2 protein chains.
Amino acid sequence: MTVEETRSRRAMDRIGLLLARHGGISNARMRDALEATGLSTRQGITLMHLAENGPIGQQALVEALGVDPSALVAILNDLERDNLVERRRDPADRRRHIVVLTDAGGSVLTRVDAAMDAVERELFVHLDADEVATLHRLLSRINTAVNDDACREV
Amino acid sequence: MTVEETRSRRAMDRIGLLLARHGGISNARMRDALEATGLSTRQGITLMHLAENGPIGQQALVEALGVDPSALVAILNDLERDNLVERRRDPADRRRHIVVLTDAGGSVLTRVDAAMDAVERELFVHLDADEVATLHRLLSRINTAVNDDACREV
DNA sequence: TATTGTTATACTCTATAACTATA
DNA sequence: TATAGTTATAGAGTATAACAATA
């Protein structure tokens, strides 16, 4: 018997609360699974973005990742300490730091992907591929456009 | 142009990360909407549970809500200070506190419901009723049974 | 000795504002 | 004067362990 099975069902009749709770669980599982890589979820997402979109300034990275500038500084400090990214001054505008993925950063991404795959397999074990695709499509259509100042968890 | 529209799409191709992010947004919206009632989301859920299931001991409430015992103490302290709940000693076992919803606590629930309704309307404005029902059903089938020690956000 | 609730504490995440260096 | 990045700090949320009262 698990905690979830005994938990109040009525409150979770509210889809907004159900979404919040299961989102938090997904967040926690991702964090736990990535612990083996030594990365936080946001550090993993940062590496993913760099691998997919190439070098980028911190300001642009702030908008791409949806994190606060001061939070990004902490993320990059840790990644740079572990030689997974490099900050290079932009010669065209010496205020700017261009963030570049290192070879070590690229290679750790395979472990990040494997960890995230495992989390998703476990979360959606009771859903078939069509259902997961439907869930993904419906989640992506949730309206997140307004209230940009709301906090981000990932 | 919003932050979300410029955000990295590739990372959000991962349904686990999308679920975590949109769950966090739902959580934040609920928190902001409930600010007018002076309640946190967890305080609101606690009142909902008491209204639906009647008086209950704190230990049972801990399991029903999925919060830490020490967190529940803080939740109930604030609710009791505002006369929304009462803690009564169980005469049959004087270690136990039975938590009871007050009349004032019951009446504030109508405002909690209205606030949560508004959040859900806004989040799912691009989905029709069938799609919301499908999303709700799929979310409820996510496997949350294992790793009970994972953190809870709501 | 075990259980119920409480307190104290620490740790993470997030948000805000002030600061620097460059433009 | 404005912008890119940084630092310092405060707040919320969560988890852990030690504690008092009662069984």
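Because the structure is a prediction, the values reported are computed rather than measured. First the proteins, then the strands, lettered A, B, ... as listed; each starts at 1. These numbers come from the heavy atoms of this one structure, side chains and all, not from hydrogens, waters or symmetry mates.
- B:Glu80 places none of its side-chain heavy atoms less than 4.5 Å from the side chain of B:Leu76.
- Following rounding to the nearest Å, A:Leu72 (CG) and C:dT16 (C1') show an atom-to-atom distance of 17 Å.
- Closest to the side chain of A:Val73, out of D:dG5, C:dG5, C:dT14, is D:dG5.
- If you take CG of B:Asn77 and C1' of C:dT4, they are 15 Å apart, rounded to a whole angstrom.
- One atom, CD1 of B:Ile25, and another, C1' of C:dT14, lie 15 Å apart when rounded to the nearest Å.
- Whole-Å rounding puts the B:Ile45 CD1 to D:dG13 C1' distance at 14 Å.
- Annotation: the span from A:Arg111 atom CZ to A:Thr37 atom OG1 amounts to 6.0 Å, rounded to 0.5 Å.
- Judged purely by distance below 3.5 Å, without hydrogens or angles, the side chains of A:Asn77 and A:Arg87 pair a donor atom with an acceptor atom.
- B:Asp93 comes within 4.0 angstrom of sugar-phosphate atoms only, judged by non-hydrogen atoms across all strands, and of no base.
- No hydrogens or angles were tested; on distance alone, nothing pairs the side chain of A:Ser70 with the base of C:dT14 as donor and acceptor under 3.5 Å.
- We find that CD of B:Glu63 is positioned 13 Å from P of C:dT3, with the value rounded to whole Å.
- We find that CG of B:Leu65 is positioned 15 Å from P of D:dG13, with the value rounded to whole Å.
- Computed from coordinates, the B:Gln58 CD to C:dT3 C1' distance equals 13 Å when rounded to whole Å.
- Mapping A:Pro91 and B:Gln59 onto DNA chain C by nearest heavy atom places B:Gln59 closer to the 5' end of the strand.
- At a cut-off of 3.5 angstrom, the base of C:dT3 holds at least one donor-acceptor pair with the side chain of B:Arg95.
- Checking C:dT4, D:dT6, C:dT6 against the side-chain heavy atoms of B:Arg96 singles out C:dT4 as nearest.
- B:Arg87 has a side-chain polar atom (N or O) that falls below the 4.0 Å cut-off from OP1 or OP2 of C:dT6.
- A donor-acceptor contact shorter than 3.5 Å links the side chain of B:Glu131 to the backbone of B:Asp128.
- The backbone N or O of B:Gly57 sits nowhere less than 3.5 Å from a side-chain atom of B:Arg96 that would complete a donor-acceptor pair.
- Ranked by how close their nearest DNA chain D nucleotide is to the 5' end, B:Asp68 and A:His97 are led by A:His97.
- As a whole-Å value, the separation of A:Leu76 CG from D:dG5 C1' is 10 Å.
- If you check every strand for non-hydrogen atoms under 4.0 Å, B:Arg89 touches nothing.
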